[in-house]
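What follows is a short report on a single structure.
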Amino acid sequence: MVTEILKKALSEALSSMGVEPPVDIHLERPARREHGDWSSSVALATAKNAGKNPRELGTALVEYLDANRPEYVLGVAVAGPGFVNFTLDDSWLHHVLAEVASAGVDKFARLDTGGGQAINVEFISANPNKPLHAGHARGACYGDSVARLLDRVGYEVTREFYLNDRGVQMNLFAESLAARKRGEEPPEGGYQGAYITEWAAEMPDDADPLEWGYARALASHKETLSRVGIEFDVWFSERSMVASGVIDETLAELAEKEVSFVDDGATWLRSTDYGDDKDRVLVKSDGELTYLAPDIAYHRDKFSRFPKLINIFGADHHGYVVRMKAAMQALGHDPEDLEIRITQLVDLERGGETVRMSGRAGDFVSFDDIIDEVGPDVTRLMYLMQSVDTRQTIDLDAVSNQAADNPVFYVQYANARIHSAIRNAAEKGHPRKPLADVDLSVLVHERELELLRAISTLPETVEHAANERSPHTIAGWSRDLAAAFHGFYHDCYVVGDDVSAELTQARLWLLEATLIALAVCFDLLGVSAPESM
RNA sequence: GCCUCCGUAGCUCAGUUGGAUAGAGCAGGGAACUUCUAAUUCCAAGGUCGCAGGUUCAAUUCCUGCCGGAGGCGCCA
């Protein structure tokens, strides 16, 4: 990689003048083209320790590098307060193209920063007593895409869904189903949604409402998730922990480590010792478990299976973060190994009017409703376009009615256009030749180079997105790539009277590299890559 | 009161370990199709990066305080 060449050259230049090079020399792509292809602020960063003026150090670096030109470097200049700017021969981009084309979708922008470490990503974990609703959708799309990113950078990823399949909520659910089955109203505090009535009608007369309802809800979850390409590796049952006794084991361990205590007839977790603002009840004075006890047992179990856990929660569960980390620390785990990501809430609007997520009758906008309305690809993309740190407002009319203005279509349209151009070239007698037989150096149009520059940034973008758990970075990048492609497509014909056969071949490979980059993005985002639209 | 997130163009949002003249989309203004999909492209316009301090050669970015918005703080889950 050219960045390695430049870093090495900078390091040598610093050493030659007696300055200790930093461990990681920072290279960046200047925002402005006149600042060259690559830039380093290393002179600014090291000047102080070297006891030199940044600009003078930068000038000295440039003199050395000018006399000892690294590969690809056409020119090197000092600018501003001491930036060292490199201008490269276009051939570096031709080499990028060759590398991308030979790597293909599987290998391009696939990294090994994870080193094969096992990692567990738990997300959604909605109660198995109702269909998934709109509130689950953001966490679902985000969690799955984070898992895809981690997989791409070399982690062994397990997607896990925790099922709260016992307790008060499940009993109320069963009673509500049974009541509807008898043609009665659900009990006090029961579930009022229309889906209860629908499911009750499906339920056989001799079915156990709890077991049947549980299975029905689970099937509903799986069906909805499969529509947007989400599959879980593990569905972990809370009940299974009661059966296996690990909840009691966990409580015993907490007691043994003296991080729990009994007061007022209840058992408490001494979470204030670990930064919580109050201690939390594990076992109520009536002997019933709080939600916390099984949850701690569950995370204890996950740690027995994985060295690293990621949980994705909605904003309404953020209070849970401190106490769960406290519990894990109390059990002897490094709280850093339990990473909890919070997704902020989503407001749905229709024509500027807020859509109520759940009404008095217990009805709500379901995840399925959204997929029905805008389709799976738009659903995923609209949730992934934006950082989960910000509250999101989605106008369903805007994303469905004005589909033409939707970024999803903009990016997918690029994919379709590429396939169209390839088909056209083949029909006009220009099947693509093997890469080795094609001269890529004929790609000199600014649009071509711009597209190649864009493609070249995908590996670092994937690495960043994975590290930051930020799929929206990929969504934004794919938009930029599509823009670079559309610009190229507009100005550069692949086949035409003014286009030589050699140039057609080189451009066909440029299309191939663009397809590869798009395919990587589509995979990470979980959307489809249409060959025509 | 405490905790989390947010505050950047008219609107929705990016902004990569702090970097050069802060970027996109949409809306609004002006252009471009005899050839591969105009679901496109190009040009112009649009900014007190909430406010005030601090650290730094350099702050939208880091720190502190304040203002504003959202959410959470139960022997509910």
Side-chain angles (χ1 to χ4, degrees), chain A residues 24 26 28-32 34-35 39 41 44-45 47-48 53-55 79-83 85 127 164 167-169 264-268 276-278 280-286 288-292 294-295 314-322 342-345 347 385-395 398 402-407 409-410 412-414 416-425 427-428 430 447 457 460-461 463-465 467-468 470 472-473 475-477 479-480 482-483 485-499 504 507 511 532-533:
Chain A
D24 186 28
H26 191 53
E28 62 191 47
R29 295 158 196 276
R32 310 180 66 79
E34 60 263 35
H35 292 143
S39 178
S41 59
L44 286 72
K48 196 170 185 180
N53 171 300
R55 174 83 192 190
F83 289 99
N85 294 339
N127 289 346
N164 292 101
V168 179
Q169 304 295 324
D264 280 345
T267 305
W268 300 69
D276 203 351
D277 55 0
K278 59 184 74 163
R280 307 289 167 176
V281 175
L282 295 165
V283 185
K284 295 187 247 179
S285 50
D286 64 4
E288 287 292 315
L289 301 173
T290 65
Y291 72 96
L292 192 57
D295 275 6
D316 54 341
H317 282 71
H318 93 266
Y320 177 102
V321 175
V322 171
I342 302 296
T343 64
Q344 296 299 313
L345 298 180
D347 291 317
M385 285 298 296
Q386 192 173 329
S387 162
V388 292
D389 287 339
T390 58
R391 184 163 187 145
Q392 187 175 29
T393 302
I394 290 176
D395 189 322
Q402 300 172 20
D405 295 328
N406 198 294
F409 291 89
Y410 184 83
Q412 290 187 323
Y413 185 49
R417 273 182 145 182
I418 292 172
H419 281 284
S420 172
I422 291 171
R423 283 191 299 268
N424 177 66
E427 283 166 15
K428 301 248 174 77
H430 296 278
R447 293 291 205 177
T457 63
E460 68 208 50
T461 304
E463 181 172 26
H464 176 253
N467 288 341
E468 299 296 318
S470 65
H472 79 276
T473 306
W477 187 90
R479 209 264 161 215
D480 291 343
F485 166 75
H486 286 307
F488 158 78
Y489 185 89
H490 187 267
D491 288 354
C492 304
Y493 281 88
V494 175
V495 178
D497 297 340
D498 302 330
V499 183
T504 293
R507 285 179 174 171
L511 293 185
S532 64
M533 289 173 71

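Chain letters run A, B, ... following the sequence lines, proteins first and then strands; every chain starts at 1.
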Output for pair (A/N164 CG, A/N127 CG), nearest 0.5 Å, gives 5.0 Å
Donor-acceptor contact below 3.5 Å, side chain A/T504 vs main chain A/V494: yes
Between B/A38 and A/R417, is there an OP1 or OP2 to side-chain N/O distance shorter than 4.0 Å? yes
Under 4.0 Å: is that the gap between some side-chain N or O of A/K278 and OP1 or OP2 of B/G74? yes
Would you mind pulling out the nucleotide paired to B/C26, Watson-Crick or G-U wobble, both distances under 3.5 Å? B/G10
Report yes if a side-chain nitrogen or oxygen of A/R280 is closer than 4.0 Å to either non-bridging phosphate oxygen (OP1 or OP2) of B/A77; otherwise report no. no
List the residues meeting salt bridge (Lys or Arg N to Asp or Glu O under 4.0 Å) with A/E28, not counting sequence neighbours, and say none if there are none. none
Nucleotide paired to B/U55 in any strand shown, Watson-Crick or G-U, under 3.5 Å: none
To the nearest Å, give me how far apart NE2 (A/H486) and P (B/A24) are. 16 Å
Scan every strand shown for a Watson-Crick or G-U wobble partner of B/G1, both distances under 3.5 Å, and answer none if you come up empty. B/C73
Distance between the P atoms of B/C11 and B/G53, in whole angstroms? 26 Å
List the residues meeting salt bridge (Lys or Arg N to Asp or Glu O under 4.0 Å) with A/R29, not counting sequence neighbours, and say none if there are none. A/E460
Counting any heavy atom closer than 4.0 Å, what does A/D480 reach on the DNA or RNA strands: base, sugar-phosphate only, or nothing? nothing
Do any N or O atoms from the side chain of A/R55 and from the backbone of A/G80 form a donor-acceptor pair under 3.5 angstrom? yes
Whether each nucleotide of nucleotides 2-11 of chain B has a protein heavy atom under 4.0 Å at its base (B), only at its sugar-phosphate (S) or at neither (-) is summarised, 5' to 3', as -BSSS-----
Could you give the CG-to-C1' distance, from A/L292 to B/G74, as a whole number of Å? 12 Å
Tell me yes or no: between the side chains of A/H486 and A/R417, is some donor less than 3.5 Å from an acceptor? yes
Nearest-nucleotide wise, let me know which of A/T473 and A/Y291 is further upstream toward the 5' end of RNA chain B. A/T473
Can you tell me, in whole Å, how much space there is between the C1' of B/C51 and that of B/G7? 11 Å
Euclidean distance for C1', B/U60 against B/G18 (whole angstrom): 10 Å
Nearest listed nucleotide, side chain of A/R479, among B/A14, B/U40, B/G25: B/G25
Whole angstrom is fine here: how far is it from CE in A/M385 over to P in B/G15? 11 Å
For atom P, what is the distance between B/U55 and B/U61, given to the nearest Å? 15 Å
Whole-Å distance, A/I418 CD1 to B/U40 P, equals 15 Å
In whole angstroms, how far is the C1' atom of B/U40 from the CD atom of A/Q412? 16 Å
Check the interface with nucleotides 16-20 of chain B: list each N/O to N/O pair with the protein under 3.5 Å, or write none.
{"unit_1": "B/U16", "atom_1": "O4'", "unit_2": "A/H464", "atom_2": "NE2", "d": "3.3"}
{"unit_1": "B/U17", "atom_1": "O4", "unit_2": "A/H26", "atom_2": "ND1", "d": "2.0"}
{"unit_1": "B/A20", "atom_1": "N6", "unit_2": "A/S39", "atom_2": "OG", "d": "2.5"}
{"unit_1": "B/A20", "atom_1": "N6", "unit_2": "A/N85", "atom_2": "OD1", "d": "3.0"}
{"unit_1": "B/A20", "atom_1": "N1", "unit_2": "A/N85", "atom_2": "OD1", "d": "3.3"}
{"unit_1": "B/A20", "atom_1": "N1", "unit_2": "A/N85", "atom_2": "ND2", "d": "3.0"}

Want to settle it: does A/D498 or A/G265 sit nearer the 5' end of RNA chain B, counting the closest nucleotide to each? A/D498
Please evaluate the base of B/A39 for a donor-acceptor partner in the side chain of A/Y413 within a cut-off of under 3.5 Å? no
Paired to B/U21 by Watson-Crick or G-U wobble criteria (both distances under 3.5 Å) is none
Kindly write out the residues that satisfy side-chain contact (heavy atoms from CB on, under 4.5 Å) with A/T290, not counting sequence neighbours, or none if the list is empty. A/V281, A/K284, A/L292
Can you sort out the partners of A/F488 under ring pair (Phe, Tyr, Trp, His ring centres under 6.0 Å), two or more places apart, ordered by chain and number? none
Taking B/A45 as the reference, what is the distance to B/G28 when you measure between their C1' atoms (whole Å, please)? 10 Å
Test side-chain contact (heavy atoms from CB on, under 4.5 Å) applied to A/H464 - qualifying residues, sequence neighbours left out: A/E468, A/T473
May I have the distance from A/Q392 (atom CD) to B/G71 (atom P), rounded to whole angstrom? 16 Å
Closest to the A/L345 side chain, choosing from B/C13, B/U41, B/G71: B/G71
If the condition is salt bridge (Lys or Arg N to Asp or Glu O under 4.0 Å), which residues does A/R479 pass it with, not counting sequence neighbours? none
Go through the structure and list residues passing salt bridge (Lys or Arg N to Asp or Glu O under 4.0 Å) with A/D295, not counting sequence neighbours. none
Side chain of A/A421: nearest nucleotide among B/C36, B/A14, B/G25? B/C36
Between C1' of B/U12 and NE2 of A/H472, the distance in whole Å: 14 Å
Quick one: are A/Y489 and A/I418 in side-chain contact, heavy atoms under 4.5 Å? no
Whole angstroms only, please: what is the OH-C1' distance between A/Y489 and B/A39? 12 Å
Taking the P atom in each of B/A59 and B/U16, what is the distance between them to the nearest angstrom? 16 Å
Rounded C1' spacing from B/A77 to B/G72 in Å: 14 Å
Is there a side-chain contact between A/R507 and A/V499, using heavy atoms and a 4.5 Å cut-off? yes
Taking N and O atoms by type only, does the side chain of A/S285 place a donor or acceptor under 3.5 Å from a partner on the base of B/C75? yes
Quantified in whole Å, what is the P atom distance between nucleotide B/C5 and nucleotide B/U64? 12 Å
Could you pull out all residues at least two apart from A/H35 that satisfy side-chain contact (heavy atoms from CB on, under 4.5 Å)? A/P30, A/R32, A/N85
Output a table of nitrogen or oxygen pairs between the protein and nucleotides 30-32 of chain B separated by less than 3.5 Å.
none

Which of these nucleotides, B/G74, B/A77, B/A39, is closest to any side-chain atom of A/F409? B/A39
Residues two or more places apart in sequence or in another chain: which of them pass side-chain contact (heavy atoms from CB on, under 4.5 Å) with A/Q392? A/R138, A/V346, A/Y383, A/Q386, A/I394
Identify which nucleotide among B/U41, B/A14, B/C36 has an atom closest to any side-chain atom of A/S387, counting heavy atoms from C-beta outward. B/A14
